[in-house]
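Step one of this worksheet: look at the structure below.
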Amino acid sequence: DGTLMKLTDAPVLENNQLVVTKNFMDSAENFFHQEDLSIPFKVGAIVIDPGHGGKDPGASKTFNINGKKFTCTEKDVNLRTGLLLYDRLKAAYPGKKVIMTRNTDKFLSLEQRTDIANSVSVGKDEATLFISIHQNSSLNKTASGYEVWYLTPNYRRTVIDKKDADNDSTLFPILNSMMEEEYTTESIMIAKFIMDGLQAQIGKESNARGMKAEEWFVVRNSNMPSVLIELGFVSN
């Protein structure tokens with residue numbers, strides 16, 4: 001019926017720190033652990049985006065292992081991780097669409113990646129999640145760990161079609177702002193869920209560097225809840 005529901009309190013940035021209410025944290029904990037038909041949208045599709053590829057290797061580092069040189073490239077780790085995630089998700093959720101932006105070592109522009117995500121067809125009451133997989137790199141030899149990024153809450157983008165507001169120039173920015181806030185809130189909830197899951201499974205094997213906000217191209221141009229994961233440092 002066109003009603004836009006607010007799932008929880010919106011997060012805010014204060015002194016470059018993300019601040020959320022207890023209500024937000026409680027909602028984040030419960031969001032993925034319920035099957036509630038009263039929730040207006042459910043996940044219909046998950047788009048996995050292994051970063052880089054083809055002529056774009058991303059970060060890389062050559063290591064000497066047992067006297068032999070081995071070059072670790074970000075594009076290869078991203079793709080292998082994406083394919084493993086695809087297999088896990090298809091096995092766990094056979095009824096959902098799971099889509100890879102690339103499943104081979106090929107180059108895709110950032111625009112092509114977001115076009116793939118934005119063109120996914122889902123049901124009327126379904127939503128798409130966008131997960132971009134990357135690896136980190138640093139000149140600091142002690143840097144390690146994983147982090148989950150989401151779109152900074154003060155970034156503004158167009159997430160609905162003007163025809164959804166009946167081309168009303170007054171109504172459109174209001175509806176767009178409401179839906180955009182919902183995407184941002186959901187993205188942060190998803191980022192927290194992923195971070196908690198990684199931390200629980202990885203334990204002390206690697207450092208949890210936390211959740212961070214940034215205006216990544218593939219995230220800011222995806223008209224859906226979106227996160228970008230930096231899984232580790234190929235440089236170290």
Group every Ile, Leu, Val, Met, Phe, Trp and Tyr by side-chain heavy-atom contacts under 4.5 Å, then state whether I46 and L79 land in the same group. yes
Is a donor on one side and an acceptor on the other found under 3.5 Å between the side chain of E74 and the backbone of A59? yes
Side-chain heavy-atom pair D49, I133 within 4.5 angstrom cut-off: no
Under the side chain to side chain donor-acceptor pair (under 3.5 Å) criterion, do T71 and S60 qualify, and how do the steps go? CA-CA 7 Å; T71 300; S60 66; over 6 Å; no
Would you confirm whether R113, through its side chain, and R102, through its main-chain N or O, come within 3.5 Å as a donor-acceptor pair? no
Distance col, row R209:CZ vs W149:CH2, nearest 0.5 angstrom, shows 9.0 Å
Does any N or O in the side chain of Q112 come within less than 3.5 Å of the main-chain N or O of S109, such that one atom is a donor and the other an acceptor? yes
Got a second to check how far C72's SG is from F233's CZ, nearest 0.5 Å? 13.0 Å
Would you call D125-K42 a salt bridge at under 4.0 Å N-O? no
CD1 of I48 to CG of L83, rounded to nearest 0.5 Å, is 8.5 Å
Please set out all donor-acceptor pairs under 3.5 angstrom arising from side-chain atoms of residues 84-100, sequence neighbours excluded.
{"residue": "K96", "atom": "NZ", "partner": "V43", "partner atom": "O", "Å": "2.8"}
{"residue": "K97", "atom": "NZ", "partner": "S121", "partner atom": "O", "Å": "2.4"}

Could you tell me the separation between the NE2 atom of H52 and the CG atom of L110, rounded to the nearest 0.5 Å? 8.5 Å
Same cluster or not: are I202 and M211 linked, directly or through other Ile, Leu, Val, Met, Phe, Trp or Tyr residues, by side-chain heavy atoms under 4.5 angstrom apart? yes
State yes or no: do V77 and V227 share one hydrophobic cluster built from I, L, V, M, F, W and Y residues joined by side-chain heavy-atom distances below 4.5 Å, directly or via other members? no
If you define the side chain from C-beta out and look only at heavy atoms, does anything of N236 sit under 4.5 Å from S144? no
Any side-chain heavy atom of L231 sitting closer than 4.5 Å to one from H134? no
Any side-chain heavy-atom pair of I229 and I131 under 4.5 Å: yes
Can you see whether S235 engages S138 through a side-chain donor-acceptor pair at a distance of less than 3.5 angstrom? no
Pair K68-N66, side-chain contact (heavy atoms from CB on, under 4.5 Å): steps then yes or no: CA-CA 6 Å; K68 294 183 178 181; N66 297 327; 5.8 Å; no
How long is the span from the CG atom in N136 to the CD atom in E230, to the nearest 0.5 Å? 4.0 Å
Looking only at heavy atoms, the pair that brings A45 and V122 closest together is CB-CG1, 3.7 Å
Sub-4.5 Å side-chain heavy-atom contact between Q199 and Y146: yes
May I ask you to decide if D56's main-chain N or O and K75's side chain share a donor-acceptor pair within less than 3.5 Å? no
Start with the C-alpha distance between K192 and I194, add both sets of side-chain angles, then the distance that settles side-chain contact (heavy atoms from CB on, under 4.5 Å), and finish with yes or no. CA-CA 5 Å; K192 182 182 185 304; I194 292 173; over 6 Å; no
In the hydrophobic clustering that connects Ile, Leu, Val, Met, Phe, Trp and Tyr at side-chain heavy-atom distances below 4.5 Å, which members other than I65 occupy its cluster, ordered by chain and number? F63, F70
For the pair V120 and V47, evaluate side-chain contact (heavy atoms from CB on, under 4.5 Å) and give the outcome as yes or no after the intermediate values. CA-CA 9 Å; V120 174; V47 177; 3.8 Å; yes
Test item: Q135 and N78 side chains (from C-beta on) under 4.5 Å apart, heavy atoms: yes
Got a second to check how far S226's OG is from F130's CZ, nearest 0.5 Å? 6.5 Å
With sequence neighbours excluded, residues passing salt bridge (Lys or Arg N to Asp or Glu O under 4.0 Å) with D115: none
Basic-acidic side-chain contact under 4.0 Å: D76, R80: no
Just wondering, more than 12 heavy atoms not from K141 lying within 6.0 Å of its NZ? yes
